[in-house]
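Quick notes on the structure that follows.
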Amino acid sequence: MNGRQGQMTHRVPSPLGEVLLASDGVALTGLWLPGQRHFAVTLGPNATPAPNLPLFARVEAWLRRYFAGERPSPSELPLAPQGTTFRQAVWRRLLKVPYGATVSYGSLAHALGCASARAIGGAVGRNPIAIIIPCHRVVGVSGQLTGYAGGLPAKRFLLALEGAADSDASAARML
């Protein structure tokens, strides 16, 4: 389905503020935090609210479990982020970073055979399904918190929720 036609949306509360969900009716195509850079860029002008879409109830339940400290798997939800082939590859790799782990942009670049950590950063920053595709788990080479489209306070919150420690080496092995 074309990413700019037939899109449905729903807003749900979270500890980070009200998040916007988007779906094509089959899969989740977006989850954006309030004030997020690239907010709703994959939505067309005709996106319509659909609070009763069963998928949105599933995503909301997933988020409640996540924010309660459980470890729901992204594989529990049908995900269909829209982006270039390169971005899709980066987002698939992000799904392999374990809960509570972090990985550097450079490690992701190495795992993908990409010479540019900056290119990886661009793809990570344009992840249209925040939290579930865990772009918040990507840190600088020395473990420092670097940019996050949802803002560094949100990134700190999510990593603290997960009990993340500097675990680039272990996460990189799993990539």
Side-chain angles (χ1 to χ4, degrees), residues 1-84 86-103 108 120-138 145 147-162 164:
M1 179 174 284
N2 183 320
R4 300 207 177 262
Q5 297 175 1
Q7 289 286 302
M8 292 164 269
T9 62
H10 182 52
R11 294 182 182 274
V12 299
S14 86
L16 296 171
E18 190 175 69
V19 298
L20 176 65
L21 306 179
S23 174
D24 59 9
V26 176
L28 187 69
T29 58
L31 187 161
W32 296 278
L33 303 173
Q36 181 173 331
R37 219 169 333 146
H38 312 294
F39 185 86
V41 296
T42 58
L43 285 181
N46 297 323
T48 57
N52 297 321
L53 185 68
L55 175 61
F56 289 149
R58 288 177 56 198
V59 173
E60 191 168 3
W62 190 100
L63 289 169
R64 274 194 307 274
R65 290 174 44 219
Y66 174 81
F67 286 118
E70 295 180 30
R71 297 179 180 199
S73 172
S75 66
E76 295 175 21
L77 300 170
L79 305 176
Q82 301 189 5
T84 65
F86 175 73
R87 289 178 184 168
Q88 296 278 343
V90 172
W91 300 334
R92 280 191 301 275
R93 287 290 178 167
L94 289 176
L95 288 167
K96 294 181 180 186
V97 180
Y99 181 97
T102 58
V103 65
L108 285 172
I120 296 295
V124 169
R126 285 171 178 76
N127 169 21
I129 304 179
I131 302 171
I132 297 171
I133 297 177
C135 53
H136 60 277
R137 296 179 187 154
V138 184
L145 296 188
Y148 181 59
L152 286 180
K155 185 172 190 163
R156 279 187 200 94
F157 175 87
L158 295 168
L159 291 173
L161 175 73
E162 295 183 8

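These values consider heavy atoms only, across backbone and side chains, with no hydrogens, waters or symmetry-generated copies.
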Could you pull out the closest heavy-atom pair between [X] and [Y], with the gap in Å?
{"X": "Ile129", "Y": "Ala80", "result": "CD1-N, 4.2 Å"}
{"X": "Asn127", "Y": "Ile133", "result": "ND2-O, 2.8 Å"}
{"X": "Thr29", "Y": "Gln7", "result": "OG1-OE1, 2.8 Å"}
{"X": "Ala40", "Y": "Leu20", "result": "CB-CD2, 4.1 Å"}
{"X": "His136", "Y": "Lys155", "result": "O-CE, 3.3 Å"}

Classify the side-chain pair Tyr99/Glu70 by whether it contains a donor and acceptor separated by less than 3.5 Å.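 Per modelled atom types, Tyr99 and Glu70 side chains form no pair under 3.5 Å.
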Check the pair Leu33 / Ile131 against side chain to side chain contact (heavy atoms under 4.5 Å, CB included), numbers first and verdict last. CA-CA 9 Å; Leu33 303 173; Ile131 302 171; 3.8 Å; yes
Can any side-chain N or O of [X] pair as donor or acceptor with the backbone N or O of [Y] at less than 3.5 Å?
{"X": "Glu162", "Y": "Gly100", "result": "yes"}
{"X": "Ser23", "Y": "Met8", "result": "no"}
{"X": "Trp32", "Y": "Arg37", "result": "no"}
{"X": "Arg156", "Y": "Leu145", "result": "no"}
{"X": "Gln88", "Y": "Pro81", "result": "yes"}
{"X": "Trp91", "Y": "Cys135", "result": "no"}

Using 0.5 Å steps for rounding, measure from the [atom1] atom of [X] to the [atom2] atom of [Y].
{"X": "Leu43", "Y": "Gln82", "atom1": "CG", "atom2": "CD", "result": "9.0 Å"}
{"X": "Phe56", "Y": "Thr9", "atom1": "CZ", "atom2": "OG1", "result": "6.0 Å"}
{"X": "His10", "Y": "Glu18", "atom1": "NE2", "atom2": "CD", "result": "8.5 Å"}

Begin from the C-alpha positions of Val59 and Val12 and carry the test side chain to side chain contact (heavy atoms under 4.5 Å, CB included) through to its verdict. CA-CA 9 Å; Val59 173; Val12 299; over 6 Å; no
Taking side chain as C-beta onward, heavy atoms only, is [X] less than 4.5 Å from [Y]?
{"X": "Tyr148", "Y": "Leu158", "answer": "yes"}
{"X": "Val138", "Y": "Val97", "answer": "no"}
{"X": "Glu60", "Y": "Pro13", "answer": "yes"}
{"X": "Leu31", "Y": "Pro128", "answer": "no"}

